[in-house]
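Accompanying notes for the structure given below.
Quick note on labels: first sequence line is chain A, next is B, and so on, each numbered from 1.
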Amino acid sequence: MKGIGASIYREYINRRTSPRVLVENILNPLFTLFIFGVALGNAIGTIKTSSMAIPYITFFLVGAINISLITNAVVAATKTFLDKYVGLYEEMMTYPVNRTSILLGKLIFSVIISLIQALAMMIFVFILFPGKLAMSINVLFFLLWVTIGAMAWFLIITYIALRLKTQDGFNTVYYLIMTPLLYTSSIYYPVDNMPTIIKYISVINPLTWLTDIGRYYLLNLETTYLSYKIIGLLIFTVISFLLAAREMNRYN
Amino acid sequence: MIEVRNLYKTYNAKGKPVEALKGVSLSIKEGQILGLLGPNGAGKSTLVKILSTIIKQDSGEFEIDGIAYQNNSEAYRRKIAVVLQNSSLELWLSVLENLRIYGKFFGLKGQALEAAIKKVTEMFGLTPFLHKQARELSGGYRKRLQIAKTFMVETKVLILDEPTEGMDPLVKNDLMKYLRQEAQSGRTILITTQRIEEAEALCDEIVIINNGKIEAQGSLMELRRQTALNKRLLLHFNALDKHKLKAIEDYCGEKGLRVSFSGSTLVHTNDAGIDALLEGYRQIADRFEVESMEILNPSLEDMFIKVVGGGGK
């Protein structure tokens, strides 16, 4: 517990004093939501499914929250490299706390930031696009969905950051993996009308799982293989945790 | 207190194995200051990183107070506070915030935390900089902050990897004073350095490490015995022109005395011990005008050069 508390405190102090926090954590997600929601919304109009039609801004909101969860995880990973660069990471390995507790402290802080972001994005759509988010939202489910999503991305991206020695290497791996995953997912558009090969890839893409689960429960948007996507996401999160914790405890 | 037995560590450097430690064993008693001395790449930092639980040895064992890291990692780490070569600071945070974060990881909170911060900021002259960001401090003050963190906590062992790098002499003297105080209060200290005079002035025991192996170990006196270096006789002359110098050299040559000159000082060494040295002095002093005489023990630097320079055991 001592390690978790100290780790959360460290993350809080670091973010609190950083002028980047407002841009990275609040303005950037809102800006993304606004630009995509308005620009693409005007171009695309509404998203029609077999049972309903919804405004693009509403459709994109879930995808935008997903993107902000990933951005948070990348910000945390970048900090890991700064820690490695100045020797703090090595020093932390000598602290008298369980190393997994340091990871958990970072994770909890990242989840809290993600929840604040997601709420800000929801409020933003409610205020700027009145009537477009007119469904009844289950707040508890919404918080749970954001929490699991934030955990999944934080843990897998932290694992990659811990595994790699340089930020250059991290950037390369990140773009090699994340760019195709982003564009073969349902974040920006429904995958129903995509070429068959992309449809297949999107089925095994955790970004699609999280986005589709969110849209199903928040927007009542139908999706295929829902239970498999839920189980897949939970397994992905657990495996990511085990990998990140193992890496944190590795010493060789 | 600290027991290290037969540590081996090999790195892989660009596909080639590099043996950083080749069976290092040592023992440090409670309240002792042990200086780890060696040239660059000797294996000092590898040993420090293994004892600090940052990297893992290939084989061998180590323990503090009977607690082996493998058996109880947290209990082991509760015994150590470490100062690494890198700055290890939150550069964008203030001195105060750096100290608070460190203290919290060691379980300090509330008044105990604030009291510890007050103690070390006063001790290390950091009070005027309490609200300055670490990146705004000079190199010497960053080092002070880094060391000050470890003085906040009461671990049994302090491990310092070249702590005086970048420090001005006054602060260095203060640090050495504080380290001695800590040792007197029972804290065991392992310090690595490339500065021989520092090790000589501070350490109860010295380990000379080179190429991953311990070449010599013991107190200064024991090292002198191990390295079998002789005392030197220094004769200082008032004035030493080239004629006088030649006459002394010729005389010493005839008598079989091994001498060399450093300015107007003659340095005489003799393998046969102090009596033979004094006899040599008497012979030279009788014949030439000598102003003063010194007999010097071999310095740690002499021993280090002998050991590391290939003349070791």
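For B/Glu154, the CD atom sits in a loose shell: 12 or fewer heavy atoms of surrounding residues, nucleotides or ligands are nearer than 6.0 Å. No more than 12 heavy atoms of other residues, nucleotides or ligands shown are found within 6.0 angstrom of NZ on B/Lys29. In the displayed structure, B/Lys213 atom NZ is contacted under 6.0 Å by at most 12 heavy atoms of other residues, nucleotides or ligands. More than 12 heavy atoms of other residues, nucleotides or ligands sit less than 6.0 Å from atom OH of B/Tyr178.
Of the inter-residue distances, the one linking B/Ile54 atom CD1 with A/Met92 atom CE reads 11.5 Å to the nearest 0.5 angstrom. The CG atom of B/Leu51 sits 12.0 Å away from atom OG1 of A/Thr94, with the distance rounded to the nearest 0.5 Å. In this structure, CZ in B/Arg77 is found 8.0 Å from CE in A/Met93, a value given to the nearest 0.5 Å. A distance of 4.5 Å separates CG of B/Leu93 from CG of A/Asn14, quoted to the nearest 0.5 Å.
For A/Ser7, the parts sitting under 4.5 Å from any heavy atom of chain B are the backbone and the side chain alike. At a 4.5 Å heavy-atom cutoff, B/Lys109 makes no contact with chain A through either its backbone or its side chain. For a residue to count as touching a neighbouring chain, one of its non-hydrogen atoms must lie under 4.5 Å from one of that chain's; by this rule A/Tyr9 touches chain B with the side chain only. With a threshold of 4.5 angstrom between heavy atoms, B/Leu89 approaches chain A through N, CA, C or O but not through any side-chain atom. Of the two parts of B/Leu84, only the side chain, counted from C-beta on, holds a non-hydrogen atom closer than 4.5 Å to a non-hydrogen atom of chain A.
Shortest non-hydrogen contact noted between B/Glu74 and A/Pro96 is OE1-O, 4.3 Å. Contact detail for A/Arg16 and B/Glu97: the closest heavy-atom pair is NH2-OE2, 2.7 Å. Closest non-hydrogen pair, B/Lys149 versus A/Tyr95, comes out as NZ-OH, 4.5 Å. A/Leu88 approaches B/Glu90 most closely through the heavy-atom pair CD1-CD, 3.5 Å. For the residue pair B/Ser88 and A/Gly87, the shortest heavy atom distance occurs at OG-O, 3.5 Å. For B/Asn86 against A/Tyr85, the heavy-atom pair with the smallest separation is ND2-O, 4.3 Å.
The closest side-chain heavy-atom distance from A/Glu90 to B/Lys49 is below 4.5 Å. Counting heavy atoms from C-beta on, the side chains of A/Arg99 and B/Thr53 come closer than 4.5 Å.
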